[in-house]
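Notes for the one structure printed next.
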Amino acid sequence: MRRLTLNMFPDTSNIALKEWAVAIKAMSAGNQVLTIRKGGIHKDDRNFRVTHREFLLYPTYEHQNHLQLKKEYHKDLKASQKTNNSLDQVKLEFWCRVTNRFEIRTERILDILSGYHVWTNEYAHKRLHWRPKNPLTVAFLRVYRLQNQPTIPVLEKYTGCKSWIDLDQKISLGGMNPILSDQEYTDRVNNIQNILSESKITT
C-alpha cells in the first residue's frame, strides 16, 4: 500500500459522500475501514460508482434504522439521533480517501465481511439482491478528522436518495489527523484482503 504524506493532501474539498451517521461514528472510532454501497433511487445514482477517490463524509440520519444495525451499535444510533437537533444544518467532521475497492456478487463473500461493518447480515443481503444484476461496491476508506469542523446549511439539492453531492462551498481541509496510524490502517486492510484472498477473491 502506498504511504500517504501530508503534502499529498488537497487544500479544500467540495465533494461529499452521504453516509449513515452511525457508520461514520464507527469509522471515527477506527472500528470500520470500509463502506458497502449500491445505487440509490435517484435517477443519477442508480448504479453506485466510486467517481471520486477523495471526499468529505456527509452524515445522514433519515434512513438509519436499528433493525438494520447490529445490536452493539444501537447506542450509537440513539446518540446520533439526539445530536441531530437541526434539520437545516449539518456538521462536517471527516475527510477520506479510497485506497482500494472491489465488487461483491455473492452472499458468501458478503458474509465474510460481516465482522467489519455496522450493518446486519439481513440488511447487507437485502442491498446485495436489490437490482441483482448490479454488484455491491466495497471501498476501503482511510479516514481523517478535520481540525476545523464547519457546520453548513442543508440545501434542498443535498437531500434525497443520492450518494454523491457537490457542496455549494469549498471546505478548507487545513490540518487533518488520521483516525488510524499508517501501520494500523495497513494491518486492518491487509487482514481483510488476506481473508478474501483465502476465499479466492482478489481485491
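Hydrogens, waters and symmetry mates are skipped; everything else that's a heavy atom, side chains included, is used.
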I want to check something: taking the side chain as every heavy atom from C-beta on, are [X] and [Y] in contact at a cut-off of under 4.5 Å?
X      : Y      : value
Leu173 : Phe9   : no
Trp95  : Ser13  : yes
Leu110 : Leu136 : yes
Leu56  : Leu146 : yes

For this session: Please report the C-alpha distance between Val189 and Leu34 in whole Å, then the side-chain angles of each, then the deciding distance to 0.1 Å, and finally whether the side chain to side chain contact (heavy atoms under 4.5 Å, CB included) criterion is met.
Result: CA-CA 9 Å; Val189 171; Leu34 56 81; over 6 Å; no

For this session: Take Asp166 and Ile15 through the side chain to side chain contact (heavy atoms under 4.5 Å, CB included) test and state the conclusion after the steps.
Result: CA-CA 5 Å; Asp166 294 328; Ile15 301 299; 2.8 Å; yes

Hydrophobic cluster membership, [X] vs [Y], 4.5 Å side-chain cutoff:
X      : Y      : answer
Ile104 : Leu141 : yes
Leu128 : Trp20  : no
Ile179 : Tyr73  : no
Leu69  : Tyr123 : yes
Val22  : Met27  : no

Nearest heavy-atom pair of [X] and [Y]: which atoms, and what distance?
X      : Y      : answer
Trp119 : Ala23  : CZ2-CB, 3.9 Å
Ser172 : Thr12  : CA-CG2, 4.1 Å
Val90  : Pro59  : CG2-CG, 3.5 Å
Arg37  : Ser163 : NH2-OG, 3.2 Å
Ala26  : Val118 : CB-CG1, 3.6 Å
Lys18  : Gly160 : NZ-O, 2.8 Å

Could you tell me which residues satisfy side chain to side chain donor-acceptor pair (under 3.5 Å) with [X], sequence neighbours excluded, listed by chain and number?
X      : value
Ser181 : Glu184
Asn14  : none
Tyr116 : Asn191
Gln147 : none

Using a 3.5 Å distance criterion without hydrogens, assess whether the side chain of [X] forms a donor-acceptor pair with backbone atoms of [Y].
X      : Y      : answer
Arg142 : Leu180 : yes
Arg53  : Val98  : yes
Lys38  : Asn134 : yes

Seminar exercise, completed: By ring-ring contact (aromatic ring centres under 6.0 Å, His included), His74 pairs with (sequence neighbours left out) His66

Exercise. For the residue pair Tyr58 and Tyr158, does the interplanar ring angle fall in the parallel (under 30°), tilted (30 to 60°) or perpendicular (over 60°) class?
Worked result: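 Ring orientation, 0 to 90° scale: perpendicular.
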
Exercise. His129 vs His125 aromatic rings, parallel, tilted or perpendicular, using cut-offs 30° and 60°?
Worked result: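 Taking His125 first and then His129, their aromatic rings stand perpendicular (interplane angle over 60°).
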
For this session: For Asp11, look at atom CG and say whether over 12 heavy atoms of other residues, nucleotides or ligands are found less than 6.0 Å away.
Result: no

Look up atom [atom1] in [X] and atom [atom2] in [Y], then write down how far apart they are to the nearest 0.5 Å.
X      : Y      : atom1 : atom2 : answer
Asp88  : Thr151 : CG    : OG1   : 11.0 Å
Ile195 : Ile109 : CD1   : CD1   : 11.5 Å
Thr60  : Lys162 : OG1   : NZ    : 13.0 Å
Leu17  : Phe55  : CG    : CZ    : 5.0 Å
Thr120 : Glu122 : OG1   : CD    : 4.5 Å

For this session: Go through the structure and list residues passing salt bridge (Lys or Arg N to Asp or Glu O under 4.0 Å) with Asp187, not counting sequence neighbours.
Result: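 Testing Asp187 for salt bridge (Lys or Arg N to Asp or Glu O under 4.0 Å), a comparison that skips the adjacent residues, returns none.
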
For this session: Under the salt bridge (Lys or Arg N to Asp or Glu O under 4.0 Å) rule, collect the residues that match up with Glu107, sequence neighbours excluded.
Result: none

Exercise. How far apart are the C-alpha atoms of Tyr144 and Cys96, what are their side-chain angles, what is the distance that settles it, and do they pass the side chain to side chain contact (heavy atoms under 4.5 Å, CB included) test?
Worked result: CA-CA 6 Å; Tyr144 296 80; Cys96 62; 5.6 Å; no

Going by side chain to side chain contact (heavy atoms under 4.5 Å, CB included), name the residues that satisfy it together with [X], two or more places apart in sequence or in a different chain.
X      : answer
Asn65  : Leu67, Gln68
Gln169 : Ile152, Pro153, Ile171
Glu93  : Lys91, Gln149

Problem set entry | Carboxylate-amine/guanidinium proximity below 4.0 Å for Asp168 and Lys157 |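 The answer is yes: the pair qualifies as a salt bridge.
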
For this session: Name all pairs fulfilling the side chain to side chain donor-acceptor pair (under 3.5 Å) condition that reach into residues 21-32, sequence neighbours left out, sorted by first residue then second.
Result: none

For this session: Please list all pairs passing the salt bridge (charged side-chain N to carboxylate O under 4.0 Å, His left out) test where one or both residues lie in residues 56-65, with sequence neighbours left out.
Result: none

